[in-house]
S.K.: 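Let me begin by handing over the structure; questions about it come next.
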Amino acid sequence: MAAARQWIARHGRRLVVALPLLWLLVFFLLPLVEVAQTSFTVARRGIPPFAPLWGFGEDGFFTNFNLENYGLLLDYWQDYIGPAGNSLRLAFFSTLICLLFAYPMAWWIARSNPRRRAILLVLVMLPFWTSSLLRIYALIGLLNPNGFINSMLMFLGVIDTPIRMMQTDFSIYMGMLLTYLPLMILPLYAVMIRLEDDLLDAAADLGASRAGVFLTVVLPLTLPGIIAGSLLVFIPAVGEFVIPALLGGPEQIMVGKHGRQGVVDRILPQP
Amino acid sequence: MAAARQWIARHGRRLVVALPLLWLLVFFLLPLVEVAQTSFTVARRGIPPFAPLWGFGEDGFFTNFNLENYGLLLDYWQDYIGPAGNSLRLAFFSTLICLLFAYPMAWWIARSNPRRRAILLVLVMLPFWTSSLLRIYALIGLLNPNGFINSMLMFLGVIDTPIRMMQTDFSIYMGMLLTYLPLMILPLYAVMIRLEDDLLDAAADLGASRAGVFLTVVLPLTLPGIIAGSLLVFIPAVGEFVIPALLGGPEQIMVGKHGRQGVVDRILPQP
Amino acid sequence: MSPFIRIRNVTRRFGDVVAVDDLSLDIDRGELFCLLGASGCGKTTLLRMLAGFERVDSGSIEIDGIDMAAVPPAARPVNIMFQNYALFPHMSVADNIAYGLRRAGLPKPEIVARLEELLRLVRLTGMGARQPLQLSGGQRQRVALARALARRPKLLLLDEPLAALDKKLREDTQFELVDIQERLETTFIVVTHDQEEAMTLASRIGVMDAGKLVQVDTPRTLYDRPRNRFIADFLGTVSFLEGVVTSVNGGFVSIDGAVSVTAADPGGFAVGDAVRMAIRPEKIALGRAPSGGVNEIPVTVEDLAFTGVATNYRVIGPDGVRLKLTHPNRRGDVVPLEWEQTGFVSFDPADVVLLRD
Amino acid sequence: MSPFIRIRNVTRRFGDVVAVDDLSLDIDRGELFCLLGASGCGKTTLLRMLAGFERVDSGSIEIDGIDMAAVPPAARPVNIMFQNYALFPHMSVADNIAYGLRRAGLPKPEIVARLEELLRLVRLTGMGARQPLQLSGGQRQRVALARALARRPKLLLLDEPLAALDKKLREDTQFELVDIQERLETTFIVVTHDQEEAMTLASRIGVMDAGKLVQVDTPRTLYDRPRNRFIADFLGTVSFLEGVVTSVNGGFVSIDGAVSVTAADPGGFAVGDAVRMAIRPEKIALGRAPSGGVNEIPVTVEDLAFTGVATNYRVIGPDGVRLKLTHPNRRGDVVPLEWEQTGFVSFDPADVVLLRD
């Protein structure tokens with residue numbers, strides 16, 4: 001009886017561990033394998049927009065294995081260099097701009113009292129809850145030549161003709177900022193909340209100026225958060241195509257947009 | 001001199017506080033106002049797919065204010081009831097399924113040693129880094145009648161004909177799970193990591209069975225995480241349209257999809 | 001009759017670390033036994049093995065004649081009071097205390113009666129509706145005690161029961177704990193790293209080091225007759241002198257080192273043996289002039305600290321020998337020497353403990 | 001000559017809370033002054049005002065004759081050793097200690113020389129390359145001390161300097177701290193909540209309560225002649241008796257309460273006054289038989305605790321009067337009474353402190 005209970009206890013614990021492991025295997029590893037397999041198969045119209053690499057049809061085992069896609073890459077690599085450069089530049093500056101905005105905000109949140117801190121964190125996370133497309137459209141509404149900001153400035157008499165803000169680098173970076181800022185704020189907040197006030201006071205007490213305290217104490221101790229946040233923003237920003245497509249000019253061709261035009265768009269269900 | 005420095009110090013601090021406040025105002029509050037305004041304006045083709053509510057054109061101030069949209073809602077509300085019900089049902093069950101998967105996983109991560117914990121958290125977050133569309137397509141590749149899972153099961157001789165997994169509720173919920181699981185795991189992890197082992201031992205020591213420990217101690221103390229995670233998943237899941245569109249059958253019409261078909265699709269830049 | 005708790009050759013390994021190493025110990029019914037040791041010495045592991053939370057790699061644990069190997073924690077006649085108390089933060093004081101009674105399926109009226117009795121025992125009558133977070137540290141400690149006693153365990157394990165309390169409260173609480181133990185006649189095993197706590201609480205103390213019991217004795221014996229240097233140093237302040245035995249004669253041992261010392265002969269020492277002498281600070285008398293007795297050493301006061309109850313001195317003797325001594329600030333006792341003054345210390349041969357290590 | 005530190009009517013409010021309330025205090029050059037009080041009494045706020053981290057709402061602080069109102073922290077001749085040390089975790093020991101010297105722009109050879117000197121002072125020579133996390137608690141404390149002393153401040157503020165150390169280390173460290181202070185002749189202000197720490201370290205102690213200084217005196221005066229009940233209770237163990245003055249005669253006051261007590265007359269008491277008597281545990285003698293002196297009370301031993309150096313008793317006298325007393329375990333001193341035995345306590349009229357509150 002007791003032995004049986006112990007067996008169940010042990011078995012149950014294994015099940016609890018096995019379940020998430022299995023999940024990770026199936027839904028994280030397998031998709032990656034799928035993506036890799038896709039690179040060796042052939043494109044077709046349909047959902048998904050490619051043929052299976054191998055399988056069992058009516059005639060038994062079949063395979064679509066070929067290196068044609070890599071051949072295409074070799075043939076047309078020059079077409080991809082430009083967009084790749086654009087994507088990397090966009091991602092780099094987006095990351096930098098996010099960092100510049102996120103750093104003082106994360107600092108402010110981390111130094112607030114716990115009650116206000118919770119409210120501010122929710123505010124920072126809130127945009128994640130609204131549809132990203134809706135957010136982008138709201139931004140377009142703000143930045144348009146006859147949008148809110150221009151109307152406001154003209155109403156106030158600051159400007160006579162609308163400023164061109166849409167379809168510029170400015171509008172793209174605004175969109176990136178609006179989308180990725182929370183990913184930068186959270187890791188910065190996480191390191192800043194652990195930064196003891198006493199360390200700052202100690203540096204000031206030992207004669208450091210404000211800039212000195214920042215450079216010798218705050219910056220080195222928040223560096224892990226800067227690195228983590230930058231990675232979190234940079235990696236998805238490289239593959240971003242919605243924001244440049246909606247906010248950028250026609251000259252903006254990114255790797256993500258390019259890839260989407262090549263593969264994904266064809267199969268997006270048309271209304 | 002000292003007074004000037006003090007003035008700068010105070011002014012600087014205000015700037016640091018003002019900057020993020022301004023940001024929140026412009027990029028959180030204004031988009032919300034924009035979205036509200038949009039409901040009073042008229043649709044049109046273009047980016048954005050609606051006319052500005054008011055502004056200053058060549059003839060001075062103009063406004064497109066009308067209640068037509070709300071009129072439409074009144075006229076066609078029956079068309080929206082079904083999709084709204086679908087959306088709520090989908091979001092509810094998606095949230096429930098995410099919770100069932102996330103709870104043991106978050107528990108396992110929180111109870112791992114700190115080193116493994118960090119690795120597992122990164123694994124959980126990793127899907128956020130890959131394009132969500134790519135993930136959905138990988139899932140399609142897995143679930144297709146001649147996809148990986150069916151091929152594997154047929155190869156092993158478990159089944160003779162492919163199981164229909166695509167365009168079923170199963171595929172939709174798999175897609176939702178794949179997309180929203182991290183949002184459920186993280187808040188659960190955050191409460192579980194603070195749950196002291198001693199509390200569980202104390203309950204067991206006082207005669208509670210495994211189920212008793214769970215129901216009287218673990219569940220009530222992780223409830224805040226359950227609520228937070230469910231909100232984080234439910235709210236965006238209600239508006240989700242990509243996953244039902246790609247993974248669901250043609251009978252799946254959601255509020256999000258409906259809305260997208262009505263407004264968003266028209267202006268998505270066609271390749 | 002066999003002892004109430006019988007621990008035989010118990011070993012527990014974590015990877016390469018032997019947390020508890022072939023340990024055997026008997027504890028009698030109704031004892032207040034104390035496991036004393038520095039953090040990492042294995043005392044908490046032993047406690048958790050008694051409660052059933054930790055597997056026993058080899059050896060056996062018997063409680064009241066029953067082998068505990070196959071008995072899960074919930075079925076053992078043992079309860080534990082956790083360090084930091086582990087009170088359920090989402091339950092009231094009453095629900096915390098009644099938790100174990102409800103799990104046992106006691107009828108409601110009995111639970112209510114037992115709850116009242118327990119609240120009275122720990123002097124918290126009328127506070128049952130409070131939340132743990134609304135209580136002071138001392139009150140929380142008493143709730144934890146009541147909760148652990150609710151199922152009337154034969155053995156109560158207490159993990160650092162006073163560590164979370166501040167100094168002043170600790171003193172009152174330790175008297176209270178001893179009173180409750182004496183009233184209930186439950187066997188208590190207390191784990192602590194604080195030697196003063198152990199000495200004031202326990203009827204017997206087992207000192208642990210690196211998974212082994214080094215010495216098991218009453219507080220007084222441990223303090224006055226430590227078995228080795230580790231015990232002497234761990235239980236209170238001590239001064240060490242080194243030397244070589246020059247004669248063993250008529251119940252006394254003469255030792256030569258930086259100073260010459262006569263010690264009572266504990267037996268087993270021969271001429272030529274190297275010995276370490278341990279002397280407690282309160283056994284050393286300090287005076288301005290020599291009194292002409294044995295073991296009198298001229299010294300200079302290096303440091304002194306007034307602590308209220310007593311004044312602590314550090315003095316330097318010949319050859320840089322350093323001694324720590326304490327002088328009670330009693331009525332009539334004038335502080336004999338001030339900073340950097342010279343004088344004489346002396347101690348009784350019976351108060352010199354001879355150690356081999 | 002004006003005092004080295006001159007605090008005049010300093011007040012600091014946080015919202016509705018008055019953290020420091022119209023406080024005035026003078027401290028001399030070279031003193032080791034201790035601010036003692038429970039947490040929340042305002043002592044840390046006062047310390048932070050001296051360092052310049054906290055605004056002064058009203059009143060003034062002068063250090064060495066210069067008003068500090070407009071002087072920012074970096075420019076004050078003051079350094080602070082933080083509680084938990086606040087060592088920069090990303091810098092080596094040497095970089096931590098040299099931080100202040102580098103900020104001051106000292107030439108490199110001078111920094112190296114000063115660093116060596118500081119490492120020697122705190123006995124960490126050769127450990128400059130270590131990281132703070134590799135150090136023990138005691139070593140970290142010494143790095144913090146060296147760093148705070150590096151700029152040769154005229155005034156060093158120490159916030160709970162020993163709180164993070166364990167009991168045994170604390171004793172050694174407090175002697176060391178006093179030695180360094182005496183060698184450098186820097187003025188030290190130590191903030192602590194630990195009365196024993198304050199008494200052993202300080203030449204003078206200011207006891208704070210609710211933002212006010214209650215009493216400023218030497219440790220011995222504070223302990224032996226507390227001004228009120230709060231001080232008597234805060235500085236060590238004490239027993240209180242209550243009564244009414246029945247006669248004032250020839251330097252003695254007779255008091256009637258649960259027991260009759262004769263006390264030395266401190267002046268100012270008249271017949272009929274209600275008084276509270278405070279008696280320290282080490283001033284009470286315990287014996288098996290009456291000795292026939294004054295202030296002799298028959299008692300029963302309620303509790304006793306052997307602590308090594310001494311045995312602490314709790315005894316009950318007539319009318320439930322409770323007294324705490326301590327009996328040193330000295331050579332020749334036999335423990336006079338065991339648990340529940342009866343005997344007599346007595347104390348000298350000069351050791352009875354009369355309080356009005």
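Naming: A, B, ... by sequence-line order, numbering from 1 per chain.
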S.K.: To the nearest 0.5 Å, what is the distance between CG (Leu221(B)) and NE2 (His90(C))?
M.R.: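 Rounded to the nearest 0.5 Å, the CG-NE2 separation comes to 4.5 Å.
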
S.K.: Got a second to check how far Phe82(C)'s CZ is from Leu199(B)'s CG, nearest 0.5 Å?
M.R.: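 Output value for this atom pair is 8.5 Å.
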
S.K.: Check whether any side-chain heavy atom of Asp205(B) lies under 4.5 Å from a side-chain heavy atom of Arg76(C), and answer yes or no.
M.R.: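 Asp205(B) does not reach Arg76(C) side chain to side chain.
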
S.K.: Can you confirm whether more than 12 heavy atoms, excluding those of Phe92(B), are under 6.0 Å from its CZ atom?
M.R.: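 No - once you tally the heavy atoms of other residues, nucleotides and ligands closer than 6.0 Å, there are 12 at most.
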
S.K.: Relative to chain B, which segment of Met91(C) carries a heavy atom at a distance below 4.5 Å: side chain, backbone, both, or neither?
M.R.: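 The side chain, not the backbone.
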
S.K.: Is the count of non-hydrogen atoms from other residues, nucleotides or ligands lying under 6.0 Å from Arg130(C) atom CZ greater than 12?
M.R.: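 Not more than 12 within 6.0 Å, no.
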
S.K.: Give, for atom CD1 of Ile80(C) and atom CG of Asp201(B), the distance between the pair rounded to the nearest 0.5 Å.
M.R.: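 If I round to the nearest 0.5 Å, the distance is 7.5 Å.
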
S.K.: Taking the side chain as everything from C-beta on, heavy atoms only, tell me whether Thr216(B) gets closer than 4.5 Å to Arg103(C).
M.R.: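 Thr216(B) vs Arg103(C): side chains touch.
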
S.K.: Side chain, backbone, both or neither: which part of Arg102(C) has an atom under 4.5 Å from a heavy atom of chain B?
M.R.: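 Neither; nothing under 4.5 Å.
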
S.K.: Examine whether an atom of Leu87(C) lies under 4.5 Å from a heavy atom of chain B, and if so say whether it belongs to the side chain, the backbone or both; otherwise answer neither.
M.R.: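 Leu87(C) touches chain B through backbone heavy atoms alone.
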
S.K.: Where is the tightest heavy-atom contact between Tyr99(C) and Val213(B), given as atom of each residue plus distance?
M.R.: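 Shortest heavy-atom contact: OH-CA, 4.5 Å.
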
S.K.: Considering non-hydrogen atoms only, spot the tightest contact between Arg151(C) and Gly207(B) and give its length.
M.R.: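 Looks like NH1-CA, 3.7 Å.
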
S.K.: If you count heavy-atom pairs under 4.5 Å between each of Pro89(C), Gly52(C), Ala86(C) and chain B, which one has the most?
M.R.: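 Counting heavy-atom pairs under 4.5 Å, the top option is Ala86(C).
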
S.K.: Does some side-chain heavy atom of Asp198(B) sit less than 4.5 Å from a side-chain heavy atom of Phe53(C)?
M.R.: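 No, side chains not in contact.
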
